[in-house]
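Below: the structure, in structure tokens.
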Amino acid sequence: MPKRKRRGRRSAPRLHQAGPDPALPRAREEPDLIADVHRMLGQPHPVELLHFASTLLAVADPRADDPFTRVHGAPSKGVTVADLVSSFVDVRRRETTAVLTVLAQMIEDELTVQRIRRELARRDDRLPVWLTRLAPLTVGRAVLTAHVLGDGDNIMVAARTDAGHHLTVFVYIDHNLGTVAKDGFVIHEPIDQALASFRSAANRDPDVAFEELSPADARARITEAIDLGAITVPPFETDTWPAARPLVEWIVRHLPEGGQGYERPEWSDEDRRALTDEFLASEFGRGLDGEDREVFESLLWFGCDYGPGDPLRWSPVAVEILLSDWLPRKVIADAEFLGRAPDVLRRLIRFSHTRRGIRPSLTEETLAAVDRWEPEYRRTIAAPRPQGPAALLAAMGVLDDLPSYDMQMLDILREVVGADALDDLNTSPLPDEPLDLSPIPPDVHDKVTDVADLVDACCGELLDTEHRTACRRLLGDIAVADPAIFRRRGRAETAAAAIVWIVVKANHGFSQRPGGLTAKAVGEWFGVGNTPGQRAPTLLQAIDAPRRYYADVRLGSPRYLVADRRRGIVETRDRYRPPT
């Protein structure tokens, strides 16, 4: 086996494209903000106010600045921590005192903290005990949960305020994208209770492992993953991340130092040759020729130098990243050579899973991902496209004059609405259209109707008529294409939540801005938690939609898209379509 070394920043980070959120409102100008804080002070637990303060700090975090601003040394155009503190120092109210009290705990800059403490010393507002006794914070055990296919880890950390309130930190670390912190949040439950809920959600999955992690190792791993995630493009954004990042970092700073971070295997040329020879001599590699060996070496390049650095770790998501992005972009070769990759990849997956003892059903799921992505992969490698450095520059928007990039953008739009629909796409609002049960098998009418009723109610409260029609159409098409989905046991709420999530996601309807619709809100409306899209892959597969696990949802038809989304597509089409 190769030697292992401590993970470091092995390659230059990709540049950040997005800037900070719009300017932070000043407290004196936002009566709603004051009202929100007033309500939070009436809560029995500090977690909501902690998350609120964390969100404010995330807006002012310089890591949210445009990377070109950072590179060239220009001053930030966004909100600074000093601006944030001033907005609350300037308004002397009990609510601003409360926010400043939390900020004094989370901010690392000692001069800023001293400024806040001097201001707090001049105030005499009565605050809840849970707020005046946030510190000293006591940190306890840490637990790691991981799936055998290794896409990522969940690390949980226990903490308790001086007033005795429990906090449990959750951080999801994605290995496919470079062992980076991709999501995180804090809940007001003891870690034992949170673990019980997590185990229940895992439903005793034999492929999910729970292990104790030393607090020092937890600090090292979370800190490294946050640092890498903060310099990755595009930035990772969820309903709770990076809004919860300052809160998570505050708690993690109380963990002991000196722990062991993630270790990355270092594969020498000799190691790679040995693994190649072993594979070709095995039953899985026999009969491959010299060009197949070169293809295999490209797959080793991906496995050894990207993700977690393990060429024997293959999952459906790793397959998607390889075929939908990495191979067509990174390996500069003709279509004939690249066309050998899916077959070699199938052999490598079987070899790797056999060697690692992966259950056959998981191997079949991973092989099915190759089948899923192979048609798109073959279309991509057969078409003109940016490759190598040009592909990276095009993705960053640095190159404005790339004909092949224009063609690629048009291909993406054809995947969104269908090849035949793009040229004549209309922008009229979707009509108020009822669910058509006539083509759906009668034995699933009751189940489909139950799902439709929930979808209609949700759209009535959170969305509008166009989204309701799109959801009804999608539900009906899925029921016609694969009625067996509705013959299985399962909650109608779970299916309905996934339908709404798919339609909103496909229409770019989720937003982290104040008042915007979030996936969390959809999940809470249906009572399915923070992951309303958990059944989306099954539903999307039923209609053979060109969906993506780690990017946007593309449904391949305009019949599910609302007018605003179609207008945006038309504008993009006209921008990239060559003049006639």
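In this chain, numbering begins with 1 at the start of the sequence shown.
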Original post:
Between Leu100 and Val85, is any pair of side-chain heavy atoms under 4.5 Å apart?
Top reply: yes

Original post:
Between the side chains of Arg313 and Asn176, is a donor N or O closer than 3.5 angstrom to an acceptor N or O?
Top reply: yes

Subject >> Any donor-acceptor pair under 3.5 Å from Arg468 side chain to Val455 backbone >> reply: no

Subject >> Distance-minimising heavy-atom pair for Ala220 and Gly261 >> reply: CB-N, 3.7 Å

**OP:** Could you tell me the separation between the NE2 atom of His51 and the OG atom of Ser54, rounded to the nearest 0.5 Å?
**Re:** 7.0 Å

**OP:** Report yes if the side chains of Tyr560 and Ile502 come closer than 4.5 Å at any heavy-atom pair, otherwise no.
**Re:** no

Original post:
Between Asp125 and Arg94, does at least one N-O distance fall below 4.0 Å, as a salt bridge requires?
Top reply: no

Original post:
Can you check side-chain contact (heavy atoms from CB on, under 4.5 Å) on Thr145 and Asp153, steps first, answer last?
Top reply: CA-CA 6 Å; Thr145 68; Asp153 299 335; over 6 Å; no

Original post:
Rounded to the nearest 0.5 Å, how far does CD of Glu189 lie from CE of Met156?
Top reply: 11.5 Å

**OP:** State whether the number of non-hydrogen atoms from other residues, nucleotides or ligands found under 6.0 Å of Glu110 atom CD is greater than 12.
**Re:** yes

Original post:
Are Trp314 and Leu149 close enough, and set up right, to give a side-chain contact (heavy atoms from CB on, under 4.5 Å), and what steps lead you there?
Top reply: CA-CA 7 Å; Trp314 290 99; Leu149 291 185; over 6 Å; no

**OP:** Please find out if less than 6.0 Å separates the ring center of Tyr262 from that of His175.
**Re:** yes

Original post:
Backbone N or O of Glu466 within a donor-acceptor pair of the Asp464 side chain at under 3.5 Å?
Top reply: yes

Original post:
Is a side-chain N or O of Asp162 found less than 3.5 angstrom from the main chain of Pro136, in a donor-acceptor match?
Top reply: no

Subject >> Side-chain donor or acceptor of Arg133 paired with backbone N/O of Thr161 under 3.5 Å >> reply: no

Subject >> Where Ala495 and Arg535 come nearest, the two heavy atoms and their spacing >> reply: CB-NH1, 3.6 Å

**OP:** Taking His166 for its side chain and Ile187 for its backbone only, find out whether a donor-acceptor pair lies under 3.5 Å.
**Re:** no

Original post:
Between His45 and Leu167, does a side-chain contact (heavy atoms from CB on, under 4.5 Å) hold up when you go through it step by step?
Top reply: CA-CA 10 Å; His45 194 282; Leu167 302 167; 3.5 Å; yes

**OP:** Could you pull out the closest heavy-atom pair between Val157 and Ala142, with the gap in Å?
**Re:** CG2-CB, 4.3 Å

Original post:
With side chains defined as the heavy atoms from C-beta onward, is the minimum distance between Leu41 and Leu131 less than 4.5 Å?
Top reply: yes

Original post:
Would a 4.5 Å heavy-atom cut-off, applied to side chains only, mark Phe185 and Val47 as touching?
Top reply: no

**OP:** Walk me through it: do Val113 and Arg118 pass the test side-chain contact (heavy atoms from CB on, under 4.5 Å)?
**Re:** CA-CA 9 Å; Val113 172; Arg118 286 194 300 270; over 6 Å; no

Subject >> Side chain proximity check, Leu475 to Leu539, heavy atoms < 4.5 angstrom >> reply: no

Original post:
Just how far is it from atom CD of Glu95 to atom CZ of Phe88, taken to the nearest 0.5 Å?
Top reply: 10.5 Å

Original post:
Are Val451 and Glu493 close enough that some pair of their side-chain heavy atoms sits under 4.5 Å apart?
Top reply: no

Subject >> Pair Asp183 + Arg245, salt bridge at N-O below 4.0 Å >> reply: no

Original post:
Under 3.5 Å, side chain of Thr240 to main-chain N/O of Gly184, donor-acceptor pair present?
Top reply: yes

**OP:** Scan Leu213, Ile155, Ile191, Thr168 and name whichever one has a side-chain contact (heavy atoms from CB on, under 4.5 Å) with Val143.
**Re:** Ile191

**OP:** Give a yes-or-no answer on whether the side chains of Asp83 and Thr80 include a donor-acceptor pair shorter than 3.5 Å.
**Re:** yes

**OP:** List the steps and the verdict of side-chain hydrogen bond (donor to acceptor under 3.5 Å, both in side chains) for Arg115 and Ser86.
**Re:** CA-CA 10 Å; Arg115 177 192 176 194; Ser86 294; 3.0 Å; yes

Original post:
If we only count heavy atoms from C-beta on, is the Glu461 to Asp456 side-chain gap below 4.5 Å?
Top reply: no

Original post:
What's the spacing between Arg160 CZ and His254 NE2 if we round to 0.5 Å?
Top reply: 13.0 Å

**OP:** Over all heavy atoms of both residues, which pair between Pro242 and Phe236 is shortest? Give the atoms and the distance, please.
**Re:** CD-O, 3.9 Å

**OP:** Run the ring-centre check on Trp326 versus Tyr306 and record whether the distance is less than 6.0 Å.
**Re:** yes

Subject >> Ring centers of Phe170, Trp241 separated by less than 6.0 Å >> reply: no

**OP:** Tell me yes or no: between the side chains of Arg123 and Thr97, is some donor less than 3.5 Å from an acceptor?
**Re:** yes

Subject >> Leu134 versus Gln105, closest heavy-atom pair with distance >> reply: CD1-CG, 4.3 Å

Original post:
What are the two closest heavy atoms between Leu57 and Ile107, and how far apart are they?
Top reply: CD2-CG1, 3.8 Å

Original post:
How long is the gap from CG on Asp90 to OG1 on Thr96, to the nearest 0.5 Å?
Top reply: 9.5 Å

Original post:
Ser315 side chain to Asp151 main-chain N or O, any donor-acceptor pair under 3.5 Å?
Top reply: no

Subject >> Under 3.5 Å donor-acceptor, Thr112 side chain and Glu108 backbone >> reply: no

**OP:** Measure the CD1-CG distance between Ile569 and Asn507 for me, rounded to the nearest 0.5 Å.
**Re:** 8.0 Å

Original post:
Is there a donor-acceptor contact under 3.5 Å from the side chain of His165 to the main chain of Pro44?
Top reply: yes

**OP:** Please check if the side chain of His467 supplies one atom and the backbone of Val504 the other of a donor-acceptor pair under 3.5 Å.
**Re:** no

Original post:
Do Asp450 and Leu454 come close enough that some side-chain heavy atom pair is under 4.5 Å?
Top reply: no

